[in-house]
Amino acid sequence: MANFAKPSVPQFSVDVYQNAYLPDGGRDVDAIVTVTATGGGTSGATGLVGGPAGIVFMVDCSGSMNYPPAKMEGARAATAAALDTLRDGTSFAVVAGTHTAVQVYPDHGRLAVAGPRTRAEAKAALDRLTPGGGTAISTWLRLADSLLAGEDLVIRHGILLTDGRNEHESPEALRAALDAAAGRFTCDARGVGTDWEVKEVTGIAAALLGTADIVADPAGLAADFTAVMENVMGKGVGDVTLRLWTPVGAEIAFVKQVAPSVVDLTGRRADTGPRSGDYPTGSWGDESRDYHVRVRVPANAVGREMLAARVSLVLPDPAGGDARPVSQGLVRAVWTHDVAMTTAIHPQVAHYTGQAELADAIQEGLDARKSGDQDGATAKLGRAVQLAAASGNADTAKLLSKVVDVVDAAAGTVRLKAKVAEADEMTLETRSTKTVRVKR
(Lines give C-alpha, C1' and ligand atoms only; values in the text may rest on other atoms or scores of the structure.)
Protein backbone atom coordinates (compact mmCIF):
# COMPACT_ATOMS: atom_id res chain seq x y z
CA MET A 1 0.00 0.00 0.00
CA ALA A 2 1.26 3.48 -0.87
CA ASN A 3 1.55 5.64 2.23
CA PHE A 4 0.62 9.22 1.37
CA ALA A 5 0.59 12.02 3.90
CA LYS A 6 -2.37 14.35 3.77
CA PRO A 7 -1.80 17.15 1.23
CA SER A 8 -1.55 20.71 2.48
CA VAL A 9 -3.20 23.63 0.74
CA PRO A 10 -1.04 25.11 -2.03
CA GLN A 11 -0.14 28.77 -2.30
CA PHE A 12 -1.25 30.26 -5.63
CA SER A 13 0.44 32.82 -7.85
CA VAL A 14 -0.82 34.42 -11.07
CA ASP A 15 1.44 35.71 -13.86
CA VAL A 16 0.15 37.47 -16.99
CA TYR A 17 2.05 37.41 -20.31
CA GLN A 18 0.81 39.67 -23.09
CA ASN A 19 1.52 42.34 -25.66
CA ALA A 20 -0.64 45.18 -24.33
CA TYR A 21 -0.27 47.40 -27.42
CA LEU A 22 -3.16 47.89 -29.86
CA PRO A 23 -3.46 49.99 -33.01
CA ASP A 24 -5.80 52.96 -33.20
CA GLY A 25 -9.30 51.50 -32.71
CA GLY A 26 -8.00 48.00 -31.90
CA ARG A 27 -10.24 45.93 -29.63
CA ASP A 28 -8.91 42.40 -28.95
CA VAL A 29 -6.38 41.83 -26.18
CA ASP A 30 -4.79 38.38 -25.78
CA ALA A 31 -3.02 37.20 -22.65
CA ILE A 32 -1.62 33.96 -21.29
CA VAL A 33 -2.36 33.59 -17.59
CA THR A 34 -0.04 31.20 -15.78
CA VAL A 35 -1.38 29.88 -12.48
CA THR A 36 1.13 28.14 -10.24
CA ALA A 37 0.34 26.24 -7.05
CA THR A 38 3.20 25.40 -4.70
CA GLY A 39 3.42 23.77 -1.29
CA GLY A 40 0.30 21.68 -1.83
CA GLY A 41 1.92 18.31 -2.18
CA THR A 42 1.86 15.53 0.38
CA SER A 43 3.80 17.46 2.97
CA GLY A 44 1.66 16.28 5.86
CA ALA A 45 0.55 19.74 6.93
CA THR A 46 -3.10 20.28 7.70
CA GLY A 47 -4.18 23.02 5.32
CA LEU A 48 -6.88 25.62 5.78
CA VAL A 49 -8.91 24.16 2.92
CA GLY A 50 -7.24 20.80 2.42
CA GLY A 51 -9.41 18.03 3.74
CA PRO A 52 -10.98 14.65 3.08
CA ALA A 53 -11.09 13.15 -0.38
CA GLY A 54 -13.67 10.83 -1.91
CA ILE A 55 -13.10 8.54 -4.91
CA VAL A 56 -15.64 6.50 -6.86
CA PHE A 57 -14.34 3.79 -9.19
CA MET A 58 -16.71 3.18 -12.12
CA VAL A 59 -15.76 -0.15 -13.72
CA ASP A 60 -17.33 -1.22 -17.01
CA CYS A 61 -18.88 -4.66 -16.50
CA SER A 62 -20.78 -4.86 -19.81
CA GLY A 63 -20.73 -8.12 -21.75
CA SER A 64 -17.98 -6.93 -24.10
CA MET A 65 -15.52 -6.80 -21.19
CA ASN A 66 -15.29 -10.58 -21.53
CA TYR A 67 -13.97 -10.38 -25.12
CA PRO A 68 -11.19 -11.05 -24.48
CA PRO A 69 -11.37 -11.97 -20.75
CA ALA A 70 -8.11 -10.07 -20.25
CA LYS A 71 -10.10 -6.81 -20.22
CA MET A 72 -12.13 -7.77 -17.15
CA GLU A 73 -9.07 -9.26 -15.49
CA GLY A 74 -7.13 -6.06 -16.18
CA ALA A 75 -9.96 -3.91 -14.81
CA ARG A 76 -10.04 -5.89 -11.56
CA ALA A 77 -6.24 -5.73 -11.19
CA ALA A 78 -6.17 -2.00 -12.00
CA THR A 79 -8.86 -1.11 -9.48
CA ALA A 80 -7.14 -3.24 -6.83
CA ALA A 81 -3.86 -1.42 -7.52
CA ALA A 82 -5.65 1.92 -7.25
CA LEU A 83 -7.15 0.87 -3.91
CA ASP A 84 -3.63 0.17 -2.65
CA THR A 85 -2.68 3.72 -3.62
CA LEU A 86 -5.46 5.35 -1.61
CA ARG A 87 -4.35 7.31 1.42
CA ASP A 88 -5.71 5.85 4.68
CA GLY A 89 -8.86 7.74 5.58
CA THR A 90 -9.88 8.43 1.97
CA SER A 91 -13.55 7.70 1.30
CA PHE A 92 -14.26 5.43 -1.66
CA ALA A 93 -16.76 3.21 -3.43
CA VAL A 94 -16.75 0.77 -6.34
CA VAL A 95 -19.52 0.89 -8.94
CA ALA A 96 -20.15 -1.78 -11.59
CA GLY A 97 -21.37 -0.11 -14.75
CA THR A 98 -23.55 -1.76 -17.40
CA HIS A 99 -26.89 -0.50 -18.78
CA THR A 100 -27.45 0.42 -15.15
CA ALA A 101 -25.14 1.23 -12.23
CA VAL A 102 -24.75 -1.02 -9.19
CA GLN A 103 -22.72 -0.14 -6.11
CA VAL A 104 -20.73 -3.28 -5.35
CA TYR A 105 -18.77 -1.90 -2.38
CA PRO A 106 -19.60 -0.81 0.30
CA ASP A 107 -23.33 -1.11 1.08
CA HIS A 108 -25.68 0.94 -1.05
CA GLY A 109 -25.69 4.70 -0.62
CA ARG A 110 -22.51 5.36 1.32
CA LEU A 111 -18.72 5.43 0.98
CA ALA A 112 -16.17 3.26 2.79
CA VAL A 113 -13.11 4.66 4.54
CA ALA A 114 -9.82 3.33 3.21
CA GLY A 115 -7.92 1.05 5.57
CA PRO A 116 -6.57 -2.53 5.56
CA ARG A 117 -9.97 -4.12 6.20
CA THR A 118 -11.97 -2.08 3.69
CA ARG A 119 -9.33 -2.54 0.98
CA ALA A 120 -9.47 -6.30 1.43
CA GLU A 121 -13.27 -6.30 1.33
CA ALA A 122 -13.33 -4.13 -1.78
CA LYS A 123 -10.87 -6.45 -3.55
CA ALA A 124 -13.07 -9.41 -2.69
CA ALA A 125 -16.01 -7.56 -4.24
CA LEU A 126 -13.92 -6.92 -7.37
CA ASP A 127 -13.20 -10.64 -7.68
CA ARG A 128 -16.93 -11.27 -7.87
CA LEU A 129 -17.51 -8.91 -10.80
CA THR A 130 -18.72 -10.71 -13.93
CA PRO A 131 -19.34 -9.15 -17.37
CA GLY A 132 -22.89 -8.96 -18.69
CA GLY A 133 -25.33 -6.37 -19.99
CA GLY A 134 -25.04 -3.17 -21.98
CA THR A 135 -23.56 0.30 -21.54
CA ALA A 136 -25.35 3.40 -20.23
CA ILE A 137 -22.67 5.66 -18.78
CA SER A 138 -25.06 8.34 -17.55
CA THR A 139 -26.27 5.92 -14.85
CA TRP A 140 -22.70 5.39 -13.64
CA LEU A 141 -22.06 9.13 -13.41
CA ARG A 142 -25.30 9.86 -11.59
CA LEU A 143 -24.61 7.20 -8.98
CA ALA A 144 -21.05 8.51 -8.47
CA ASP A 145 -22.39 12.04 -8.11
CA SER A 146 -24.95 10.89 -5.54
CA LEU A 147 -22.35 9.01 -3.49
CA LEU A 148 -19.86 11.87 -3.46
CA ALA A 149 -22.49 14.51 -2.70
CA GLY A 150 -23.56 12.61 0.41
CA GLU A 151 -20.23 13.16 2.17
CA ASP A 152 -18.45 16.21 3.60
CA LEU A 153 -15.52 16.17 1.19
CA VAL A 154 -13.02 18.67 -0.19
CA ILE A 155 -11.81 16.54 -3.11
CA ARG A 156 -14.49 14.65 -5.06
CA HIS A 157 -13.19 12.50 -7.88
CA GLY A 158 -14.21 9.65 -10.14
CA ILE A 159 -12.30 7.19 -12.32
CA LEU A 160 -14.28 5.75 -15.20
CA LEU A 161 -13.18 2.77 -17.28
CA THR A 162 -15.03 1.62 -20.39
CA ASP A 163 -14.30 -0.69 -23.30
CA GLY A 164 -17.24 0.07 -25.57
CA ARG A 165 -19.59 2.63 -27.00
CA ASN A 166 -22.41 4.13 -24.95
CA GLU A 167 -25.00 2.26 -27.00
CA HIS A 168 -27.82 1.67 -24.52
CA GLU A 169 -28.92 5.25 -24.01
CA SER A 170 -29.21 8.42 -26.08
CA PRO A 171 -26.37 10.94 -26.40
CA GLU A 172 -28.72 13.43 -24.74
CA ALA A 173 -28.92 11.26 -21.62
CA LEU A 174 -25.14 11.25 -21.27
CA ARG A 175 -24.93 14.99 -21.90
CA ALA A 176 -27.59 15.67 -19.25
CA ALA A 177 -25.68 13.58 -16.70
CA LEU A 178 -22.45 15.42 -17.50
CA ASP A 179 -24.15 18.81 -17.22
CA ALA A 180 -25.57 17.79 -13.84
CA ALA A 181 -22.18 16.54 -12.55
CA ALA A 182 -20.07 19.44 -13.89
CA GLY A 183 -18.56 21.36 -11.00
CA ARG A 184 -19.63 18.70 -8.49
CA PHE A 185 -16.80 16.23 -9.03
CA THR A 186 -13.86 15.72 -11.37
CA CYS A 187 -13.34 12.54 -13.35
CA ASP A 188 -10.56 10.79 -15.24
CA ALA A 189 -11.81 8.58 -18.09
CA ARG A 190 -10.02 5.65 -19.68
CA GLY A 191 -10.81 3.53 -22.70
CA VAL A 192 -9.43 -0.02 -22.74
CA GLY A 193 -8.95 -1.87 -26.01
CA THR A 194 -10.06 -0.26 -29.29
CA ASP A 195 -13.85 -0.73 -29.45
CA TRP A 196 -14.85 2.46 -27.61
CA GLU A 197 -15.67 5.89 -28.98
CA VAL A 198 -12.89 8.45 -28.50
CA LYS A 199 -15.16 11.50 -28.52
CA GLU A 200 -17.34 9.98 -25.78
CA VAL A 201 -14.41 9.30 -23.45
CA THR A 202 -12.66 12.61 -24.10
CA GLY A 203 -15.99 14.42 -23.78
CA ILE A 204 -16.53 12.93 -20.31
CA ALA A 205 -13.07 14.00 -19.17
CA ALA A 206 -13.40 17.51 -20.63
CA ALA A 207 -16.82 18.08 -19.07
CA LEU A 208 -15.60 16.96 -15.65
CA LEU A 209 -12.14 18.59 -15.83
CA GLY A 210 -10.25 15.30 -15.77
CA THR A 211 -7.87 13.47 -18.08
CA ALA A 212 -8.64 11.01 -20.86
CA ASP A 213 -6.41 8.32 -22.29
CA ILE A 214 -6.33 5.02 -24.11
CA VAL A 215 -4.98 1.82 -22.61
CA ALA A 216 -4.94 -0.41 -25.68
CA ASP A 217 -3.43 -3.37 -23.83
CA PRO A 218 -5.37 -4.33 -20.65
CA ALA A 219 -2.06 -5.32 -19.06
CA GLY A 220 -1.24 -1.60 -18.80
CA LEU A 221 -4.32 -0.69 -16.77
CA ALA A 222 -2.82 -1.26 -13.32
CA ALA A 223 0.11 1.08 -13.93
CA ASP A 224 -2.21 3.71 -15.40
CA PHE A 225 -4.71 3.57 -12.52
CA THR A 226 -1.89 3.75 -9.99
CA ALA A 227 -0.51 6.89 -11.64
CA VAL A 228 -3.96 8.45 -11.72
CA MET A 229 -4.50 7.79 -8.03
CA GLU A 230 -1.07 9.12 -7.08
CA ASN A 231 -2.00 12.36 -8.84
CA VAL A 232 -5.38 12.59 -7.11
CA MET A 233 -3.85 11.84 -3.70
CA GLY A 234 -1.55 14.84 -4.20
CA LYS A 235 -4.45 17.30 -4.45
CA GLY A 236 -4.86 19.72 -1.56
CA VAL A 237 -7.77 21.93 -2.57
CA GLY A 238 -10.82 21.53 -4.79
CA ASP A 239 -13.35 23.78 -6.51
CA VAL A 240 -10.79 26.45 -7.44
CA THR A 241 -12.09 29.00 -9.94
CA LEU A 242 -10.53 31.58 -12.23
CA ARG A 243 -12.38 34.87 -11.72
CA LEU A 244 -12.31 37.50 -14.47
CA TRP A 245 -13.47 41.06 -13.87
CA THR A 246 -13.83 43.49 -16.77
CA PRO A 247 -14.60 47.24 -16.77
CA VAL A 248 -17.69 48.77 -18.37
CA GLY A 249 -17.69 48.14 -22.12
CA ALA A 250 -15.23 45.25 -22.04
CA GLU A 251 -16.20 41.58 -22.35
CA ILE A 252 -14.51 38.19 -22.26
CA ALA A 253 -14.33 36.67 -25.77
CA PHE A 254 -13.02 33.30 -24.56
CA VAL A 255 -11.15 31.49 -21.80
CA LYS A 256 -9.25 28.30 -22.60
CA GLN A 257 -6.93 26.14 -20.56
CA VAL A 258 -3.99 25.59 -22.91
CA ALA A 259 -1.56 23.61 -20.73
CA PRO A 260 -1.22 20.81 -19.84
CA SER A 261 -4.08 20.26 -22.29
CA VAL A 262 -6.56 22.31 -24.29
CA VAL A 263 -9.96 22.71 -22.59
CA ASP A 264 -12.41 25.43 -23.61
CA LEU A 265 -13.93 26.95 -20.46
CA THR A 266 -15.78 29.82 -22.15
CA GLY A 267 -19.24 28.31 -21.84
CA ARG A 268 -18.77 27.37 -18.18
CA ARG A 269 -18.80 30.90 -16.82
CA ALA A 270 -20.81 31.50 -13.65
CA ASP A 271 -21.56 35.19 -13.16
CA THR A 272 -20.48 36.48 -9.75
CA GLY A 273 -21.32 40.16 -10.23
CA PRO A 274 -22.30 42.74 -12.84
CA ARG A 275 -18.90 42.56 -14.53
CA SER A 276 -17.24 39.43 -13.14
CA GLY A 277 -17.53 35.70 -13.70
CA ASP A 278 -15.91 32.49 -12.45
CA TYR A 279 -14.51 29.69 -14.62
CA PRO A 280 -13.95 26.25 -13.02
CA THR A 281 -10.44 24.80 -12.82
CA GLY A 282 -11.05 21.77 -10.58
CA SER A 283 -8.65 20.43 -7.95
CA TRP A 284 -5.03 21.46 -7.40
CA GLY A 285 -1.84 20.11 -5.87
CA ASP A 286 1.72 21.17 -6.74
CA GLU A 287 1.36 22.15 -10.40
CA SER A 288 1.20 24.93 -12.97
CA ARG A 289 -1.37 25.50 -15.69
CA ASP A 290 -1.71 28.06 -18.48
CA TYR A 291 -4.89 29.79 -19.66
CA HIS A 292 -5.46 31.83 -22.83
CA VAL A 293 -7.79 34.77 -22.20
CA ARG A 294 -9.08 37.09 -24.92
CA VAL A 295 -10.70 40.33 -23.81
CA ARG A 296 -12.68 42.56 -26.20
CA VAL A 297 -12.34 46.17 -25.08
CA PRO A 298 -14.02 49.37 -26.34
CA ALA A 299 -12.13 50.93 -29.27
CA ASN A 300 -9.93 53.80 -28.12
CA ALA A 301 -7.70 56.43 -29.64
CA VAL A 302 -3.91 56.48 -29.63
CA GLY A 303 -2.45 57.49 -26.30
CA ARG A 304 -5.20 55.94 -24.20
CA GLU A 305 -4.55 53.16 -21.70
CA MET A 306 -6.98 51.01 -19.71
CA LEU A 307 -7.23 47.99 -17.46
CA ALA A 308 -8.77 45.34 -19.73
CA ALA A 309 -9.33 42.68 -17.09
CA ARG A 310 -8.39 41.61 -13.58
CA VAL A 311 -7.68 37.89 -13.12
CA SER A 312 -8.01 36.29 -9.68
CA LEU A 313 -7.78 32.78 -8.25
CA VAL A 314 -10.70 32.05 -5.96
CA LEU A 315 -10.74 29.32 -3.30
CA PRO A 316 -13.77 28.02 -1.42
CA ASP A 317 -14.24 29.11 2.17
CA PRO A 318 -13.84 26.06 4.47
CA ALA A 319 -16.43 27.57 6.82
CA GLY A 320 -19.01 27.70 4.04
CA GLY A 321 -18.89 31.46 3.51
CA ASP A 322 -18.13 33.36 0.33
CA ALA A 323 -15.25 32.16 -1.82
CA ARG A 324 -12.14 34.28 -1.45
CA PRO A 325 -9.57 35.57 -3.98
CA VAL A 326 -6.02 34.53 -3.13
CA SER A 327 -3.94 35.99 -5.98
CA GLN A 328 -4.44 38.21 -8.99
CA GLY A 329 -2.93 39.57 -12.19
CA LEU A 330 -3.83 42.41 -14.55
CA VAL A 331 -4.46 42.49 -18.31
CA ARG A 332 -3.77 45.90 -19.90
CA ALA A 333 -4.59 47.66 -23.16
CA VAL A 334 -2.52 50.54 -24.56
CA TRP A 335 -3.21 52.22 -27.93
CA THR A 336 -0.26 53.37 -30.05
CA HIS A 337 0.72 54.32 -33.62
CA ASP A 338 3.91 52.24 -33.36
CA VAL A 339 3.35 49.43 -35.89
CA ALA A 340 6.26 47.35 -34.56
CA MET A 341 4.71 47.36 -31.10
CA THR A 342 1.14 46.59 -32.21
CA THR A 343 2.06 43.77 -34.60
CA ALA A 344 4.36 41.93 -32.17
CA ILE A 345 2.83 38.75 -30.74
CA HIS A 346 3.96 37.75 -27.28
CA PRO A 347 5.86 34.42 -27.51
CA GLN A 348 3.55 32.80 -24.94
CA VAL A 349 0.43 33.79 -26.89
CA ALA A 350 1.96 32.66 -30.17
CA HIS A 351 3.01 29.29 -28.72
CA TYR A 352 -0.37 28.40 -27.28
CA THR A 353 -2.29 29.69 -30.27
CA GLY A 354 -0.22 27.17 -32.24
CA GLN A 355 -0.91 24.39 -29.73
CA ALA A 356 -4.66 24.96 -29.96
CA GLU A 357 -4.43 24.95 -33.76
CA LEU A 358 -2.42 21.71 -33.55
CA ALA A 359 -5.20 20.00 -31.61
CA ASP A 360 -7.81 21.23 -34.10
CA ALA A 361 -5.73 20.14 -37.09
CA ILE A 362 -5.36 16.60 -35.73
CA GLN A 363 -9.07 16.25 -35.03
CA GLU A 364 -10.07 17.65 -38.43
CA GLY A 365 -7.46 15.54 -40.21
CA LEU A 366 -8.58 12.31 -38.57
CA ASP A 367 -12.23 13.12 -39.26
CA ALA A 368 -11.38 13.74 -42.92
CA ARG A 369 -9.45 10.47 -43.08
CA LYS A 370 -12.40 8.52 -41.66
CA SER A 371 -14.77 10.12 -44.17
CA GLY A 372 -12.52 9.22 -47.11
CA ASP A 373 -11.33 12.79 -47.81
CA GLN A 374 -7.71 11.94 -48.58
CA ASP A 375 -6.71 15.45 -49.70
CA GLY A 376 -8.28 17.11 -46.68
CA ALA A 377 -6.71 14.61 -44.31
CA THR A 378 -3.28 15.07 -45.89
CA ALA A 379 -3.50 18.86 -45.64
CA LYS A 380 -4.70 18.94 -42.02
CA LEU A 381 -2.34 16.25 -40.73
CA GLY A 382 0.52 17.89 -42.63
CA ARG A 383 -0.24 21.15 -40.86
CA ALA A 384 -0.31 19.26 -37.56
CA VAL A 385 3.13 17.79 -38.25
CA GLN A 386 4.41 21.30 -39.05
CA LEU A 387 2.99 22.77 -35.84
CA ALA A 388 4.25 19.91 -33.67
CA ALA A 389 7.77 20.32 -35.08
CA ALA A 390 7.76 24.11 -34.68
CA SER A 391 6.58 23.96 -31.04
CA GLY A 392 8.80 21.09 -29.96
CA ASN A 393 5.85 18.83 -29.18
CA ALA A 394 7.85 15.63 -29.64
CA ASP A 395 5.22 13.31 -28.15
CA THR A 396 2.55 14.44 -30.60
CA ALA A 397 5.03 14.36 -33.48
CA LYS A 398 5.79 10.73 -32.66
CA LEU A 399 2.09 9.84 -32.61
CA LEU A 400 1.55 11.61 -35.93
CA SER A 401 4.40 9.61 -37.52
CA LYS A 402 2.35 6.44 -36.97
CA VAL A 403 -0.48 7.83 -39.10
CA VAL A 404 1.46 9.68 -41.81
CA ASP A 405 4.86 9.36 -43.50
CA VAL A 406 6.65 12.64 -42.87
CA VAL A 407 8.47 13.96 -45.95
CA ASP A 408 9.33 17.45 -44.64
CA ALA A 409 8.22 18.30 -41.10
CA ALA A 410 9.10 22.00 -41.35
CA ALA A 411 7.04 22.39 -44.52
CA GLY A 412 4.26 20.09 -43.34
CA THR A 413 4.67 17.74 -46.29
CA VAL A 414 3.30 14.27 -45.51
CA ARG A 415 1.78 11.19 -47.11
CA LEU A 416 -1.05 9.24 -45.51
CA LYS A 417 -0.03 5.74 -44.51
CA ALA A 418 -1.91 3.04 -46.40
CA LYS A 419 -2.43 0.99 -43.24
CA VAL A 420 -2.72 2.39 -39.75
CA ALA A 421 -3.21 0.34 -36.59
CA GLU A 422 -6.52 1.25 -34.97
CA ALA A 423 -4.83 1.69 -31.59
CA ASP A 424 -2.34 4.19 -33.09
CA GLU A 425 -5.10 6.29 -34.65
CA MET A 426 -7.15 6.26 -31.43
CA THR A 427 -4.10 7.17 -29.35
CA LEU A 428 -3.40 10.19 -31.56
CA GLU A 429 -7.03 11.32 -31.37
CA THR A 430 -7.29 10.80 -27.60
CA ARG A 431 -4.05 12.66 -26.84
CA SER A 432 -4.45 15.38 -29.47
CA THR A 433 -5.26 18.07 -26.88
CA LYS A 434 -2.14 17.48 -24.79
CA THR A 435 0.25 20.38 -25.09
CA VAL A 436 3.84 21.28 -24.25
CA ARG A 437 4.73 24.26 -22.10
CA VAL A 438 6.30 27.25 -23.76
CA LYS A 439 10.07 27.51 -23.39
CA ARG A 440 10.85 30.54 -21.28
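For clarity, every value in this text was computed on a predicted model and none was experimentally measured.
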Side-chain donor-acceptor contact under 3.5 Å, H337 with D24: no

Any side-chain donor near an acceptor of the partner, E151 and S91, under 3.5 Å: no

One thing to verify: whether D373 and R369 come together as a salt bridge, which I'm taking to mean a side-chain N less than 4.0 angstrom from a carboxylate O. no

Does Q355 use its side chain to pair, donor to acceptor, with the backbone of V436 at less than 3.5 Å? yes

Is there a side-chain contact between L160 and W140, using heavy atoms and a 4.5 Å cut-off? yes

Candidate pair D15 and Y17, rule side chain to side chain contact (heavy atoms under 4.5 Å, CB included), full reasoning: CA-CA 7 Å; D15 296 295; Y17 302 91; 3.8 Å; yes

Nearest 0.5 Å please: distance from the CZ atom of R184 over to the CG atom of L141. 12.0 Å

Is there a donor-acceptor pair under 3.5 Å between the side chain of R190 and the backbone N or O of T211? yes

Counting only N and O atoms by type, is there a donor-acceptor contact under 3.5 Å from the side chain of Q18 to the main-chain atoms of A333? no

Return yes if some donor-acceptor pair links the side-chain N/O of T90 with the main-chain N/O of L86 below 3.5 Å, else return no. no

Give a yes or no answer on whether the side chain of T342 reaches the backbone of V339 with a donor-acceptor pair at less than 3.5 Å. yes

Heavy-atom pair with the smallest gap, counting every atom of R87 and A53: NH2-CB, 4.1 Å

Run the salt bridge (Lys or Arg N to Asp or Glu O under 4.0 Å) test on E251 and R294 for me, step by step, so that the C-alpha distance in whole Å, both residues' side-chain angles and the decisive distance to 0.1 Å come before the verdict. CA-CA 9 Å; E251 60 182 13; R294 175 171 292 173; over 6 Å; no

How many angstroms lie between CG in L428 and NZ in K398, if you round to the nearest 0.5 Å? 13.5 Å

Looking only at the side chains, is there a donor atom on one of R156 and S283 sitting less than 3.5 Å from an acceptor on the other? no

Which pair of heavy atoms, one from L387 and one from G354, lies closest together, and at what distance? CD1-O, 4.0 Å

Just by distance, no angles: are the side chains of Y21 and D338 close enough, under 3.5 Å, to form a donor-acceptor pair? no

Does a sphere of radius 6.0 Å around CD1 in I345 hold more than 12 heavy atoms from other residues, nucleotides or ligands, not counting ones at 6.0 Å or beyond? no

Using ring centroids (six-membered ring only for Trp), state whether F12 and W284 fall under 6.0 Å. yes

Under-4.0 Å salt bridge between E200 and R165: no

Taking C-beta and beyond as the side chain, do F225 and E230 meet within less than 4.5 Å on heavy atoms? no

How about CZ on R268, more than 12 heavy atoms from neighbouring residues, nucleotides or ligands closer than 6.0 Å, or not? yes

Taking atom CG as the centre, does D271 end up with more than 12 heavy-atom neighbours from other residues, nucleotides or ligands that are less than 6.0 angstrom away? yes

Between R27 (side chain only) and R296 (backbone N and O only), is there a donor and an acceptor less than 3.5 Å apart? no

Strictly below 4.0 Å, N to O, side chains only: are K199 and D367 in salt-bridge contact? yes

Please give me the minimum heavy-atom distance between S312 and P325, naming the atom from each residue. CB-CB, 4.2 Å

Would I137 and I204 satisfy side chain to side chain contact (heavy atoms under 4.5 Å, CB included), going step by step from the backbone distance to the final call? CA-CA 10 Å; I137 293 175; I204 291 166; 3.9 Å; yes

Evaluate the side-chain proximity of L307 to V331: yes if any heavy-atom separation is below 4.5 Å, no if none is. no

Does one side chain, of R269 or Y279, offer a donor that lies under 3.5 Å from an acceptor on the other? yes

Can D188 and H157 be counted as having a side-chain donor-acceptor contact under 3.5 angstrom? yes

Quick check: are there more than 12 heavy atoms from other residues, nucleotides or ligands sitting under 6.0 Å from CG of D152? no

NZ or CZ of R310 within 45° of W245 ring axis and under 6.0 Å: yes

For R142, is there any backbone N or O sitting under 3.5 Å from a side-chain donor or acceptor partner on S146? no

With a 3.5 Å cut-off and sequence neighbours excluded, list the donor-acceptor pairs that the side chains of residues 403-415 form with protein atoms.
unit_1: D405; atom_1: OD1; unit_2: K417; atom_2: NZ; d: 2.6
unit_1: D408; atom_1: OD1; unit_2: A410; atom_2: N; d: 3.2
unit_1: D408; atom_1: OD1; unit_2: A411; atom_2: N; d: 3.2

Look up atom CZ in F254 and atom CG in D264, then write down how far apart they are to the nearest 0.5 Å. 8.5 Å

When rounded to the nearest 0.5 Å, the distance separating CG of L83 from CD1 of I55 is 10.5 Å

Please tell me whether T281 and Q257 have a donor and an acceptor in their side chains that are separated by less than 3.5 angstrom. no

How close do V295 and A250 get, heavy atom to heavy atom, and via which atoms? CG1-CB, 4.3 Å

Checking T241 side chain against P280 main chain: does a donor-acceptor pair fall under 3.5 Å? no

Which heavy atom in G158 sits nearest to a heavy atom in M58, and how many Å separate them? CA-CE, 4.0 Å

L358 CG to T433 OG1 distance, which is reported to the nearest 0.5 Å: 10.0 Å

side-chain contact (heavy atoms from CB on, under 4.5 Å) partner of V255, the single match among L244, V33, V311: L244

Short question: side chain of E429, backbone of L366 - any donor-acceptor pair under 3.5 Å? no

Could you measure the distance from the OG1 atom of T186 to the CG atom of L209? Nearest 0.5 Å is fine. 7.5 Å

Can a donor-acceptor pair be found between the side chains of S288 and R437 at a distance below 3.5 Å? yes

Trace of the side-chain hydrogen bond (donor to acceptor under 3.5 Å, both in side chains) decision for E169 with S138: CA-CA 8 Å; E169 65 178 358; S138 72; 2.4 Å; yes

Under the 3.5 angstrom rule, does the side chain of T118 hit a backbone N or O of V113 as a donor-acceptor pair? yes

Is there a donor in the side chain of T135 and an acceptor in the side chain of N166, or the other way round, less than 3.5 Å apart? no

Pair T226-D224, side chain to side chain contact (heavy atoms under 4.5 Å, CB included): steps then yes or no: CA-CA 5 Å; T226 298; D224 181 85; over 6 Å; no

Test log, rule side chain to side chain contact (heavy atoms under 4.5 Å, CB included), inputs D84 and R119: CA-CA 7 Å; D84 284 339; R119 287 190 187 89; 4.0 Å; yes

